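In what follows, every chain begins at residue 1, and chains take the letters A, B, ... in the order their sequences are listed. Everything numeric here is computed off the predicted structure, so don't read it as measured data.
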2 protein chains.
Amino acid sequence: MKVNIHSVAREAGVSIATVSKVINHTGSISEQTRKKVLAAMDKLNYHRDIAAASLRGKRTNAIGLLVPDISNPFYADIARSIEDRSHELGFSVMMCNTDNDTDKEKTYLSLLTSQRIDGLVVASAFRSTDLLEELMEKQGVPIVLIASEIPKLSINTITVDDYKGGYLAASHLLSLGHKRIAIIAENVRSNEPRLAAFKHAMQEAGLPVPDDYIVKTEALIQKGYESAKQLLSLKERPTAIFACNDLLAAGVIQAAKERDLSIPYDLSVVGFDNTVLSTTTSPMLTTVSQPIKEMGAKVVELLMQEMEASRPYKERLLLSPKLIVRQSTASLP
Amino acid sequence: MKVNIHSVAREAGVSIATVSKVINHTGSISEQTRKKVLAAMDKLNYHRDIAAASLRGKRTNAIGLLVPDISNPFYADIARSIEDRSHELGFSVMMCNTDNDTDKEKTYLSLLTSQRIDGLVVASAFRSTDLLEELMEKQGVPIVLIASEIPKLSINTITVDDYKGGYLAASHLLSLGHKRIAIIAENVRSNEPRLAAFKHAMQEAGLPVPDDYIVKTEALIQKGYESAKQLLSLKERPTAIFACNDLLAAGVIQAAKERDLSIPYDLSVVGFDNTVLSTTTSPMLTTVSQPIKEMGAKVVELLMQEMEASRPYKERLLLSPKLIVRQSTASLP
DNA sequence: CTGAAAGCGCTAACAC
DNA sequence: GTGTTAGCGCTTTCAG
């Protein structure tokens, strides 16, 4: 029933070795037998089993991509750009959602690697760094991180300069005359520099950041909404909120509307990521843009290099974010 | 270097069969040797090779998911719901983007199946139906379609009732007194019933639908924007637009804003899908909601059933859409 | 130019 | 309770 290399060999009246050779364009075979084999493959509708081939050492021309949550537009865009560049280079990509959950990370890691992908892109925060390390060191799987970092690991990494991004956002708000600025951050590593930069900028401006002006939560619109609600009901309510990603910012906008606060007149909001959301919200979101397209392309290229030959030095590429000013921020009256 | 079942066996001083048995909880082994093996596995940091196991007939507990474009929030949500239900049931999911491209469909199909996934969910429009058919019939791969249909194939399918959805949208606009209603549809099968229902409702109301009131395009905000621009510059400009998905609708809103048309007073807009976008746009979008969560859960359950034993009858489940009225539609002055 | 044979890592009879 | 062995579908020396 199942058509494999044997069926084809039988049909063509040759050995399986010969079939393998025509499949892989290796060795040399006469034009005549090549045709015979091709015809047999066609007739039986043969598809080579990539997994079995890779078991024997062949490349799969596929890479794996681990993201925390594909329904976050930022990661969807990252996935898009990686897919595009990979496709140009002749590679397929298989994506998996980790939800920043250690168990899922583990499961998908072993699933993906035993599927014998040729390389792995990790966009997930990754709690279990030892697993990744083992994979790189012991198993020699090429790995590149994108939009996530693991400082203690020597690993190729591409991120935006999160510190600079945070600083950009804070400075913008400060330059608009805001003094009571709150921040909503996601509880992942990439948000730490954003928060640090924010605090730093505030300190430079001689402004306090009360504890209750700092909220940490998950990257969900709903969470942004809840956090903003809490912030907006403080006695000393902030006049501006820096939301560490667009999802959160979208939630902030909803909360403000519910309270009949006009954005940007009663409340300024800046987001981060410059995803679709930032142009569909109203007012459109002032946000810090990550060069997603470039990051995706670069990560794929780096991975390919690493696949060619593991290099002794790992790169750590920091791309510059840009502030995109739209309509969600205004100067204090 | 590579740690496999042999290394573990050697380390534990047993045979590979014994190791296999403790891994799979099959046969019976004494508590003592079990411990020994477990200890060896732990010491060597052994991970079983799922691909090799499946080559020998074992299940992988993984399913594949083919979507057209994960950066469309609708598919991201579909993926989310499938991931969630699968995870509850102990399955992993590997997603791939086809971009409705025949070559990619082919590549990913053979990649996924030779990775020996236990089943496949297809949310992609799928041009190459013969490939799917062969996979089902000849190779016996359990397949379920979600939010996409292939009428001529006998295959498990879960979709929303697109006809009803289109009818709901059109009727709503009609009941608001609109007479000049345009439609922007995506050029895929699922949009055909939406368009047909729209025409039907218009006809019932005795209203004409001029050819230039029907635009077909791709599911991209940008395309929605362009289409709307075109529609809005007609001499007889429509007073309402039915955009066949939220992405398109978001584009329409942008175009209207650019032209200083107020929504819903100068132009009513209804979308389809009820994705995140519909609550972040302003005004919030009146849209037709698909029960994504239920659809995702159901598709997984159906797939599991099919995996247990291929049933002679295939199901075709049509879920009811619902009209969600928000602020982007109003009655004609 | 073609084929026989070994083996990738694993599971599942079947012996012992 | 444990081990031997025969493959799963494929690639790759190495002979002929």
Side-chain angles (χ1 to χ4, degrees), chain A residues 1-38 40-41 44-62 110-111 113-118 138-140, chain B residues 1-38 40-41 44-62 110-111 113-118 138-140:
Chain A
M1 197 69 254
K2 197 86 203 288
V3 27
N4 55 23
I5 202 171
H6 284 101
S7 347
V8 176
R10 204 179 314 123
E11 176 73 29
V14 296
S15 75
I16 60 165
T18 305
V19 176
S20 175
K21 276 168 199 148
V22 350
I23 295 172
N24 297 293
H25 308 102
T26 53
S28 50
I29 46 251
S30 74
E31 189 53 25
Q32 197 191 358
T33 43
R34 216 180 66 86
K35 286 231 177 80
K36 263 198 313 195
V37 171
L38 253 21
M41 281 173 39
L44 299 183
N45 210 307
Y46 169 76
H47 296 287
R48 143 165 161 290
D49 189 314
I50 302 175
S54 75
L55 191 57
R56 203 63 190 73
K58 259 256 152 179
R59 284 211 176 162
T60 55
N61 279 335
S110 81
L111 184 64
T113 53
S114 68
Q115 304 299 11
R116 286 146 204 289
I117 45 160
D118 296 338
K138 299 246 181 79
Q139 305 212 43
Chain B
M1 195 71 253
K2 199 84 203 287
V3 27
N4 57 21
I5 200 171
H6 285 101
S7 349
V8 176
R10 202 178 317 122
E11 175 73 28
V14 296
S15 76
I16 61 164
T18 304
V19 176
S20 175
K21 276 170 199 148
V22 349
I23 295 172
N24 297 291
H25 307 102
T26 53
S28 49
I29 46 251
S30 73
E31 189 54 27
Q32 198 191 357
T33 43
R34 216 179 67 85
K35 285 229 177 80
K36 261 197 315 198
V37 171
L38 254 21
M41 282 174 37
L44 300 182
N45 211 307
Y46 168 78
H47 296 287
R48 142 164 161 288
D49 188 315
I50 302 175
S54 75
L55 191 58
R56 203 61 192 74
K58 258 261 156 175
R59 286 213 175 159
T60 55
N61 280 334
S110 83
L111 184 64
T113 55
S114 69
Q115 303 301 8
R116 287 145 206 289
I117 45 160
D118 296 337
K138 299 244 181 78
Q139 305 212 43

TODO: May I ask you to say what B:Ile50 touches in the nucleic acid, namely base, sugar-phosphate or nothing, with a heavy-atom cut-off under 4.0 Å?
DONE: nothing
Open item on the list: Nearest to the side chain of A:Ala52, heavy atoms from C-beta on, is which of D:dG3, D:dG9, D:dT12?
Closed with: D:dG9
Open item on the list: With nearest nucleotide decided by heavy atoms, which residue, A:Tyr46 or B:Ser15, maps closer to the 5′ end of DNA chain D?
Closed with: B:Ser15
TODO: Round to the nearest Å and state the distance from A:Asp49 atom CG to D:dG7 atom C1'.
DONE: 15 Å
Open item on the list: Is a donor from one side chain sitting under 3.5 angstrom from an acceptor on the other, for B:His47 and B:Asp49?
Closed with: no
Task: Whole angstrom value for the distance that separates C1' of D:dC8 from CD1 of A:Ile5 - done: 13 Å
Open item on the list: Please enumerate all residues that pass side-chain contact (heavy atoms from CB on, under 4.5 Å) together with A:Asn24, with sequence neighbours excluded.
Closed with: A:Ser20, A:Thr26, A:Arg48, A:Lys58
Open item on the list: In whole Å, I'd like the distance from the CZ atom of A:Arg48 to the P atom of D:dC8.
Closed with: 19 Å
- [ ] Take atom NE2 of A:His6 and atom C1' of D:dT11, then tell me their distance rounded to the nearest Å.
- [x] 12 Å
Task: Of residues 19-38 of chain A, the positions that come close to DNA chain D - non-hydrogen atoms, cut-off under 4.0 Å - done: A:Ser20, A:Asn24
Task: Divergence of helical axes at both termini of the helix from C:dC1-D:dG16 to C:dC16-D:dG1 - five pairs an end, 10° steps - done: 40°
Task: Heavy-atom neighbours of B:Glu31 CD exceed 12 at 6.0 Å - done: yes
TODO: Heavy atoms of chain B, cut-off under 4.0 Å: which first and last nucleotide of DNA chain C, 5' to 3', fall inside that, if you could look?
DONE: C:dG9 to C:dA12
- [ ] Kindly state which residues belonging to residues 53-61 of chain A come within less than 4.0 angstrom of DNA chain D, counting heavy atoms of the residue only, listed by number.
- [x] A:Ala53, A:Leu55, A:Arg56, A:Lys58
Task: With sequence neighbours excluded, residues passing side-chain hydrogen bond (donor to acceptor under 3.5 Å, both in side chains) with B:Ser114 - done: none
- [ ] For A:Lys2 and D:dG9, give me the distance from atom NZ to atom P, rounded to whole Å.
- [x] 6 Å
